[in-house]
Amino acid sequence: MNNQIPEVTLHDGLELPVIGLGTYALNGNEGAAAIQRAIEENGYRLIDSAYNYENEGTVGEAVKRSAVPREKLRITSKLPGRYQTYEKAIKTVQESLYRASLDYYDLYLIHWPNPKQDHYVEAWQALIDAKKQGLIRSIGVCNFLPDHLKRLEKETGEKPSINQIELHPYFNQGPQRKWHEENSIKTESWSPLGHGNDILQQVTIQQIAERHQKSAAQVVLRWHYQLGAISIPKSANPDRQRENISIFDFSLDDAEMNSISSMTKPDGRINDQDPAVYEEY
């Protein structure tokens with residue numbers, strides 16, 4: 001199964017599958033079992049977590065239980081807003097590794113820029129140094145706007161390999177994605193299927209799904225893939241896990257892509273979390 005998932009190469013050389021598993025709210029033994037199934041039975045190799053999900057230990061347990069060698073996996077975690085000063089950031093990366101019982105993370109991201117606190121540059125410097133120490137293979141961010149990204153590179157000389165942003169048909173992030181592409185930063189989509197909204201029930205998507213004899217979720221995830229974005233849909237259900245990565249045997253034509261992209265709304269964010277003002281704990 002895993003051999004069927006294409007990979008992309010980040011600007012620092014790390015290869016990532018174009019689709020992975022989101023793990024928000026997958027906790028404890030039940031969560032570890034779901035993640036282990038995703039890895040062993042359904043071919044997932046990219047696993048996304050965060051310090052604030054309180055499940056780095058769960059992810060680490062799934063990795064330990066899995067028969068798939070650690071080096072074949074790509075494990076992600078994220079630095080929370082309250083630990084963005086340099087010393088706290090370094091210790092938090094270490095704590096993340098201890099929680100997961102891992103020697104390194106493949107990808108570690110600053111979860112939000114928290115511009116009012118204005119510590120994100122020193123947090124970025126901490127990740128640069130943690131990478132030099134071998135604790136992280138690739139470093140990136142989440143929810144950063146172009147001005148935030150430009151400042152990181154200007155003040156540290158290093159730009160993120162990836163920016164994980166809210167991206168789904170109701171919020172297609174066209175200008176942000178274009179900026180990423182022009183600056184060799186890979187786009188990763190959180191909540192790629194939406195969350196608590198009716199994207200998958202939209203007639204436009206249902207009709208495209210019927211045309212291709214695929215599910216609505218598969219159509220939306222294929223849209224992400226053809227946009228050039230890495231998606232990380234979350235599911236504990238093994239059938240849905242398989243369905244979500246079975247998107248490489250069909251393609252959407254330009255008209256279908258455009259009709260999905262045209263569903264975007266100015267107020268399409270799920271929780272109105274604008275990175276220009278939002279502050280994460």
Pairwise side-chain contact, [X] with [Y], heavy-atom cut-off 4.5 Å (strictly under):
X      : Y      : answer
Arg99  : Glu95  : yes
Trp223 : Ile205 : no
Lys78  : Asn52  : no
Gln202 : Tyr170 : yes
Tyr108 : Leu97  : no

*Residue from Ile260, Thr204, Val219, Thr264 passing side chain to side chain contact (heavy atoms under 4.5 Å, CB included) with Pro169*: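 Of the listed options, the one satisfying the test is Ile260.
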*Which one of Leu46, Leu167, Val18 satisfies the side chain to side chain contact (heavy atoms under 4.5 Å, CB included) criterion with Glu188?*
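That would be Leu46.
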*Side chains of Gln125 and Asp129: do they bring a donor and an acceptor to under 3.5 Å?*
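Per modelled atom types, Gln125 and Asp129 side chains form a pair under 3.5 Å.
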*Measure the CG-OG distance between Leu102 and Ser96 for me, rounded to the nearest 0.5 Å.*
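Here the interatomic distance stands at 9.5 Å.
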*Quick one: OH on Tyr24 to CD on Glu54, what's the gap to the nearest 0.5 Å?*
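Nearest 0.5 Å value for the OH-CD distance: 10.5 Å.
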Answer yes or no: are there more than 12 heavy-atom neighbours, outside [X] itself, under 6.0 Å from its atom [atom1]?
X      : atom1 : value
Glu30  : CD    : no
Arg240 : CZ    : no
Glu210 : CD    : no

Residues 138-146, side-chain donor-acceptor partners within the protein, below 3.5 Å, at least two apart:
from, atom 1, to, atom 2, distance (Å)
Ser138, OG, Asp12, OD2, 2.5
Ser138, OG, Ser161, OG, 2.8
Asn143, OD1, Trp190, NE1, 2.8
Asn143, ND2, His111, O, 2.8

